[in-house]
Structures are given as structure tokens and as C-alpha cells.
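All residue numbers in this chain count up from 1 along the given sequence.
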Amino acid sequence: MTSTTDTRDRTVREETDIVVVGGGGSGLTAAIFARQEGAKVVLLEKHTELRGSTGLSIGSITSTGTWHQRRAGIKDDTQAHFEDMAKFAGELAAKDNEELRRILVENVPDSVAWLMSLGVTFHGPMPEPPHRQPRMHNVLPNSRAYIYFVSREARRVGVDARVGAAVERLLVEDGRVVGVAARIGGVPHELRARRAVILATGDYSSSPDWKRRFNPAVAAVDGVNTTNVGDGHRFGEELGAEVRFGEIVYGPNLRFMPPAKPSVLLRLPPHRWLTGAMRVALERLPAWMLRPFILSFVTTYLSPEPSLFREGAILVNKRGERFTDELGTPNYALADQPDKVGYIVFDDSVARKFRAWPYFISTAPGVAYAYLGDYKRTRPDLYHSGATVGDLAASMGVPVQALRGAVEAHNAAPGGRPPLGKGPYHALGPVKSWIILTDGGLTVNRDHQVTRADGGVIPGLYAVGSVGQGGLLLEGHGHHLAWAFTSGRLAGRHAATAAPATAARPVEAVT
């Protein structure tokens, strides 16, 4: 690494082999594998911490040929996985990038093995039809474990990872990407990359402009990851790359707000003694013994089941007003309410139902069902109750008259919806409508190089994870994380062994 500072414009100029833009699972993995090939790597993350969407995900990876499948005696193969992915894609399967799908299914077993070698613990495999065999591996205790172990490995191998580092544009010389212009801690930097720039900037789920362009109905709905605003997509398009499947959006989904302060259990490092004990317990102990512990990890960012509304719950905003038909599209309507948040209100008969199977509040695939009692115990910030509607309003912090009017109007309305009966009354919230992720990614070739609309390669530019999805369809649980780690592994190696750029000359900043 070399560094100089231009005293005239105060721009810090540095040189390295590879610049990775984005510090989630795919970016950290790409940086690690490039570094293992001997490249000097600088990773830039604009957030204040390394996390990306990986650390906010459910945490499952779908794969064949794993230690877990072998231990369970499951006979499976990558060809079957390849074929089953098409079943998830449905009518879009004919438009899928089959070359990238093949790369995914053939390489994700090594990604799982690598993560396990770092200390990541999985529970499973779990079934998810139409997969013909159980393939879904769920991380323990939650998805933060990925970032914990992968960022630790990045430090160990010598990746220069910097947070608070916002990349503003790519630097281009004679049609080749040769670096980035960024602000790091507020100071302008130009980082020249002798070999490549790897985009790992995630999707555009939090960009109203990108969503308005591809799927206007969800433009006002917030994304789970607030830093995913399509930076890498913009960089690629400016150089002629194409965004494929931009219209595919996961959501909007209703999800409970995360706790303002994570619990002590959530702050525990995912050491092997903890996750190993969790895995053994999940496999051997009865569910009633595990629930208080396991659900302390999973009732953090889950979705309420629509069955709550079918059984009689109503949705009100922070002013205590009912604003939509809960059996219609409340996930869209909530985005237009104050602060985009609401509360699910129900009577005691509904509360009694949702204390046991088959009436559960939320589910995390393959791990646990969460009932009302679990939320009362593990998320008291979300649970509200009162003997009367007025008492409930006070617990929720909403205007009493508005909530009482909403309940009375609902009970007086014609139709087949169950009325809210006598107290005590209950509420869960705040709940918000979110876009989980978007599937549109820059077109890439089998080496994860970004390509133009005409198929030509943009020299010096790679893309991984969501921004490098390249027309690959990843329906079903566990495929997005599978692609994040797999594309990161492969792109890091390809970029590190690519021919270096020529000697430094003045560069053109793409704006």
C-alpha cells in the first residue's frame, strides 16, 4: 500500500491491488479470498460497522453435499439442486441465468464447509418443498454469526477494512476501471486498484428512485437495510452494464421493529460452545424445554402471521386510527401512515388462541415458532395490554379516543370479520412494512466480471452478491446467502489472479 496527499485539494491518494466496495458477507468473503491469493486488499464500507444485509437476514443457506446431509444419510447431488431451483422460479425459469445457477449449486457446498471451518454452526438440513431433499441449513444463533466469523477471518489474513467509507464514483482509464473515489471519515480519497474493483454494495431496496423505476407500487416502502440504495448498480450502469430482473422485489412484508437495545443473549459472541450446545439441544431436547432460550435469539425481526387478522385482529397507526382492510394489502397501506408504523390490536379470545399450535405469531424457517407468550417474555417492548381499550391505548402510547373509535367502528361494520370482544385487550407493535430485498443485479459473466449490455466485459470491474446477481433467480430460502458467499469466494480469486492494470496515469472520474 502506498499513500500520498495532494496538499492543494487535500485528497489522499493510495494504491493497492484490489478495492472491495461493501462490507457484508459477499464483500468480506471476496476480500478474504483475494488476500489469500496474495493481493493487497482495501475494503470500504460506508456504514459505521461491517454487516451488510447478511447480518440482517434470517440466516439460512441451501446446499447439497454438506456434512449435515451426509450425517443424516441424505443422498443428494448438485444436479438435483439445479433442477429444483427452476421449480421455485416458475414461469421465469426460462429467463434464468443457468450458467450462474450451475456455478452456485456446484460451489455452495465448499462455501458451507469454509464457513464451518471459521466457526459458523448450522442446524439442519431442513426440508423446503419443492426441494426433493432437505437442504436448508440454518445458522446458529442468528445471522450475526456470519459477520462475526468472516470479519475476524478478514482481520486475520490482513484485509484493510475501513468503515465510514463512502465510495462516490469509479475511476476509469482507457475504458478500464482502475480505482474509486471515496470519502473516508469525511476526507476525500482516491484509491487506485492495480488489479480490480469488486462491487459488493447489495441491492437497492432502500432507494425510492430505483424502486420507482422498476416497481413503482413499493417506492414508498422502506428497505430493511437502509444503506442498500443501489450504489453499485449506478456505477455499473454508468459504464454500460445492464440490470436484470429489476422488477423482482421481496416484499413489502410486515415485520416487527427490532429492539432499541439488543438483549444480553443477542450480544453474546457466537462461540462454538454456545452454538454447538444449541445445535445438540435442537436435535435432542423437546421443544418446550428449548423455547425460552432459542426464541430469545429469533424474536427480533420476525413477521406477524396474516392469520392474526383472519382471526379478528385489526391494524391501527400510531394515532390509534384504523386505516385499511387488514385482509387486503396492509403491507402497502402502512407505508403511507405516520412514521410508517402500526400496531396489531386484538381481544383476549384471539390472545388465547395464539398461545399454542397451530396459531403462532411468527416463524423462523426450521428453527422455531413464536407464540404470544414468547413475545411477552422475549420482546416486552412489543407487547401491550390493558383491561379496557383505554388502558390498552395508554400502554401503546396512542390517543385513547381514536383507538376506542377505531374499535367501535370495526365492531359496527357489516361483514364477516370477527368483532373485538370484551377485555382484556392486547396489541403487538410497532410493526412496519419493509422491502426485504430486490433481485435486480448487474450482468456478470462466469468469472463475475461485470458485462455491458452487448456482452462485452468492463475491464477491472467485478460484482458479487445481490449487485452481481446477473439475471440469476434465487427464489426460496437460503439461496441469496448461498450466492453471497459463493460469488464472493470465486470473484475474489478471479480478481486477484487477473492481469494488473498498466502503470498509473491520470484517471477519469465517472460521474
Q.
Testing the 3.5 Å rule here: is there a donor-acceptor pair between the side chains of T66 and H137?
A. yes
(Q) How close do Y462 and A498 get, counting heavy atoms only, and between which atoms? (A) OH-CB, 3.6 Å
**Q.** Lys/Arg cation over aromatic F33: R489, 6.0 Å, 45° cone
**A.** yes
(Q) If we count only N and O atoms by modelled type, under 3.5 Å, do the side chains of S53 and N228 hold a donor and an acceptor together? (A) yes
Q) Any Lys/Arg nitrogen of E15 or R194 sitting under 4.0 Å from an Asp/Glu carboxylate oxygen of the other? A) yes
Q | Test item: R101 and L472 side chains (from C-beta on) under 4.5 Å apart, heavy atoms | A | yes
Q) For the residue pair Y204 and F214, does the interplanar ring angle fall in the parallel (under 30°), tilted (30 to 60°) or perpendicular (over 60°) class? A) parallel
Q | Contacts of K95 that satisfy side-chain hydrogen bond (donor to acceptor under 3.5 Å, both in side chains) - sequence neighbours left out | A | none
Q | Pairwise distance NE2(H189) to CD(E168) - rounded to 0.5 angstrom | A | 11.5 Å
**Q.** Contact summary for L50 and E45, nearest pair of heavy atoms
**A.** CD2-CB, 3.9 Å
Q: Could you tell me whether the side chain of F245 reaches within less than 4.5 Å of the side chain of T438, counting heavy atoms only?
A: no
Q: Run the salt-bridge test on R176 and D174 with the 4.0 Å N-O cut-off and return the result as yes or no.
A: no
Q. Once the angle between the rings of F122 and Y146 is folded into 0 to 90°, is it parallel (under 30°), tilted (30 to 60°) or perpendicular (over 60°)?
A. tilted
(Q) Restricting to non-hydrogen atoms, name the atom on A165 and the atom on I184 that form the minimum distance, rounded to 0.1 Å. (A) CB-CG1, 3.7 Å
Q | Pair E153 + R156: basic N to acidic O under 4.0 Å | A | yes
Q: Apply side chain to side chain donor-acceptor pair (under 3.5 Å) to T443 and T451, showing your working.
A: CA-CA 6 Å; T443 49; T451 58; 3.2 Å; yes
Q. Would a 4.5 Å heavy-atom cut-off, applied to side chains only, mark D110 and T486 as touching?
A. no
Q) Can you name the closest pair of heavy atoms from P459 and G175 and give their distance? A) CD-O, 3.6 Å
Q: Using distance alone, with no hydrogens and no angle criterion, decide if N225 and T227 have a side-chain donor and acceptor under 3.5 Å apart.
A: yes
**Q.** Basic-acidic side-chain contact under 4.0 Å: K87, E83
**A.** no
(Q) Using side-chain heavy atoms (C-beta onward) and a distance below 4.5 Å, is F82 in contact with E106? (A) no
Q: Would you please indicate if the ring centroids of H131 and H81 are separated by under 6.0 Å?
A: yes
Q) Does the distance from a Lys or Arg side-chain N to an Asp or Glu carboxylate O, for E37 and R195, drop under 4.0 Å? A) no
**Q.** Shortest non-hydrogen contact from G471 toward D96
**A.** O-OD1, 3.3 Å
Q: Examine distances only and state if a side-chain atom of N97 and a backbone atom of G470 form a donor-acceptor pair shorter than 3.5 Å.
A: yes
Q: Test L56 against every option in L437, N142, I147, V224 by the side-chain contact (heavy atoms from CB on, under 4.5 Å) rule and name the one that passes.
A: V224
Q: For L43 and A31, work out which heavy atoms get closest and say how close.
A: CD1-CB, 4.0 Å
Q: State, yes or no, whether a side-chain contact exists between T54 and L481 at a heavy-atom distance under 4.5 Å.
A: yes
Q: Could you tell me whether the side chain of T64 reaches within less than 4.5 Å of the side chain of Q69, counting heavy atoms only?
A: yes
Q: Taking the side chain as every heavy atom from C-beta outward, state whether L254 and S303 have any pair of such atoms under 4.5 Å apart.
A: no
Q.
For the CZ atom on R446, are there more than 12 heavy atoms of other groups (residues, nucleotides or ligands in this structure) within a distance under 6.0 Å?
A. no
Q: Taking the side chain as every heavy atom from C-beta outward, state whether F235 and V450 have any atom pair closer than 4.5 Å.
A: no
Q. For L44, which of V20, T201, D160, V180 qualifies under side-chain contact (heavy atoms from CB on, under 4.5 Å)?
A. V180
